[in-house]
Asker: 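Starting off with a structure, shown below.
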Amino acid sequence: MAIVLLPGLLATEAGGQKRLELDAATLGEVLRALPVADLVLDERGEVRSLVRIYLDGERARDLTAPVGEKSRIRIVAAIAGGAL
Amino acid sequence: MGVLLLIGTRKGLFLIRGDDERRSFEVEGPLLPGWSINHAVLDPRDGAIYACANSWVYGGTVQRSGDLGKTWDRSEGLGLPEESELKLASTWHLEPGHASEPGTLWLGGEPGVLFRSDDSGASWQANEGVLEHATRDKWNPGAGGLITHSIALDADDPKRLWIGISAAGVFRTEDAGASWEPANQGTEACFFPENRYPEVGQCVHKLLAHPGRPGRLWQQNHCGVYRSDDSGASWERLDGNGLPSAFGFALALDPSDPDRAFVIPEESPENRVTCDGRIGIYGTSDAGAGWQLIVAEEPAWAAVLREGMSFDDEAVYAGTQSGHVYALRHDEVVEAARHLPPILSVEAAALQ
């Protein structure tokens, strides 16, 4: 089971879950199975431009990347402060 | 009867409960922390609150609460069809549908799009008539983007409504959204070097239909204040007598008197602060022939955005970008809240 770690707002939208365990073969399958998939991915299934995905500590852009039993996926909101 | 004000801010939603006299107010919030609330409204048909919630990271959505903000459900699957080659950038205005159509909602968003839901927001369908409008290539985004920010329902006919898009103008449908006709005759596009009265391209800032007089519309435009008495077929300009500026965003009406309206002019498109160093609410009692100033506060250099003013049977309410909320009743202004985050929207509902 891959482990997914959600940041604050996504955790709130996922019913308070900061850590999820999902059974999936690829990174894309993991993200599409999230209860907040519509917030991480846009209507084309692409990762939103200010969302960063880290797979086992490395920035991941390829949604076909395989995930293992012990993969750790961290979702991070990009740094975008200053104007808000 | 008291009032429930729904205050959408850049940093969450606030609820303000006011007493019968509109003199005492209590603030609750923020609800939906982390979300920027472009607009929030209480559906008078079932008491649900809907919020156009946006995140600069996670995009735009709609949040629904059936228990006055204690719990929320997010609309999932809100997006534009692939063949449009467009993506939903943000949600801007939610309008509960006609009283005869429970569960029907209309939603405006960026880039110049309209959605309809017939299941209280559980699912949404993009309106193809707007998405594929023949004039779309002549629409241009304003400072807030290419946004559908005004949705006005006809009091009698659920198949007739108007939308306002910046900067595309006003459009009217008579067939529940199957087709849309531009309704901009007489409104100026003063930012164009030539042809200042085109079919489309006007920058409507806020459009409202009077709930008691079918066919009477008001709009605060980038280039003036206008009224229509023929369902938008033609517009009369109204800002020549008593208003310090033709520019502004906010607009409010009096549901019991179709000749009364309120605006909050700003200095100019280049200097978007309230005129003359004060927050001035200007009202007309003669359908826009003349306007009178009511000072909410001075000195002040504030701004009230397009969704920043609302009204009920008792009062007019305004929220500023500096986080203040004012209630205007019988020409008397009361401060309802201060030091909120920048206010994006104000809606008034009956307090049950």
Side-chain angles (χ1 to χ4, degrees), chain A residues 3-20 22 24 27-55 57-64 72-84, chain B residues 9-13 30-38 51 53-65 69-91 109-111 113 115 121-126 131 143-144 321 323 341-342 344:
Chain A
I3 296 170
V4 183
L5 303 174
L6 299 178
L9 185 57
L10 290 185
T12 299
E13 291 294 321
Q17 303 176 88
K18 296 179 179 176
R19 183 180 185 278
L20 296 168
L22 294 168
L27 181 59
E29 286 183 20
V30 169
L31 298 182
R32 287 189 288 273
L34 291 171
V36 290
D38 60 308
L39 302 179
V40 175
L41 307 170
D42 64 23
E43 61 262 67
R44 301 286 175 273
E46 297 167 357
V47 177
R48 294 185 183 276
S49 62
L50 293 178
V51 173
R52 298 288 180 266
I53 310 292
Y54 290 86
L55 173 58
E58 297 291 331
R59 171 86 182 272
R61 294 181 172 84
D62 180 7
L63 296 188
T64 67
R72 197 174 179 89
I73 298 159
R74 185 181 290 274
I75 300 176
V76 177
I79 298 170
L84 298 168
Chain B
T9 81
R10 206 170 289 287
K11 303 183 182 189
L13 171 68
L31 311 175
L32 296 171
W35 291 98
S36 180
I37 311 299
N38 277 343
N54 291 272
S55 161
W56 77 92
V57 179
Y58 306 117
T61 188
V62 171
Q63 298 271 9
R64 179 185 190 277
S65 175
K70 294 183 179 64
T71 60
W72 296 89
D73 291 314
R74 185 181 71 257
S75 290
E76 298 179 38
L78 187 58
L80 297 171
E82 189 164 3
E83 56 270 24
S84 71
E85 299 182 354
L86 298 172
K87 291 182 179 179
L88 179 66
S90 56
T91 56
E110 181 186 3
V113 293
F115 295 87
S123 64
W124 294 92
Q125 297 78 44
L131 199 57
Q321 285 214 66
L344 306 178

Asker: Using the side-chain hydrogen bond (donor to acceptor under 3.5 Å, both in side chains) criterion, which residues pair with A:Arg52? Sequence neighbours excluded.
Answerer: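 Here no residue qualifies.
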Asker: So which part of A:Pro35 gets closer than 4.5 Å to some heavy atom of chain B, the side chain, the backbone, both or neither?
Answerer: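 Contact with chain B is through the backbone of A:Pro35 alone.
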Asker: Sort by residue number and list every member of residues 37-45 of chain A having a non-hydrogen atom under 4.5 Å from chain B.
Answerer: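 The list, in residue order, reads A:Asp38, A:Leu39, A:Asp42, A:Glu43, A:Arg44.
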Asker: For A:Leu9 versus B:Pro33, what's the shortest heavy-atom pair and its separation?
Answerer: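 Closest pair (atom of A:Leu9, atom of B:Pro33, distance): CD1-O, 3.6 Å.
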Asker: Identify which part of B:Pro341 has an atom lying under 4.5 Å from any heavy atom of chain A, answering side chain, backbone, both or neither.
Answerer: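 For B:Pro341, neither part sits under 4.5 Å from chain A.
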Asker: Relative to chain A, which segment of B:Ser75 carries a heavy atom at a distance below 4.5 Å: side chain, backbone, both, or neither?
Answerer: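 Just its backbone gets close to chain A.
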Asker: So how far is it from A:Ile75 CD1 to B:Tyr58 OH, rounded to the nearest 0.5 Å?
Answerer: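 Output value for this atom pair is 7.5 Å.
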Asker: Below 4.5 Å, heavy atoms only, C-beta onward: do A:Arg48 and B:Lys87 meet side chain to side chain?
Answerer: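 They are not in side-chain contact.
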Asker: Please determine whether the number of non-hydrogen atoms from other residues, nucleotides or ligands lying under 6.0 Å from atom CD of B:Glu82 exceeds 12.
Answerer: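 Open: at most 12 neighbouring heavy atoms sit under 6.0 Å from CD of B:Glu82.
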Asker: List the atom of B:Val57, the atom of A:Val51, and the distance in Å for their closest heavy-atom pair.
Answerer: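 Between these two residues, the closest heavy atoms are CG1-CG2, 3.7 Å.
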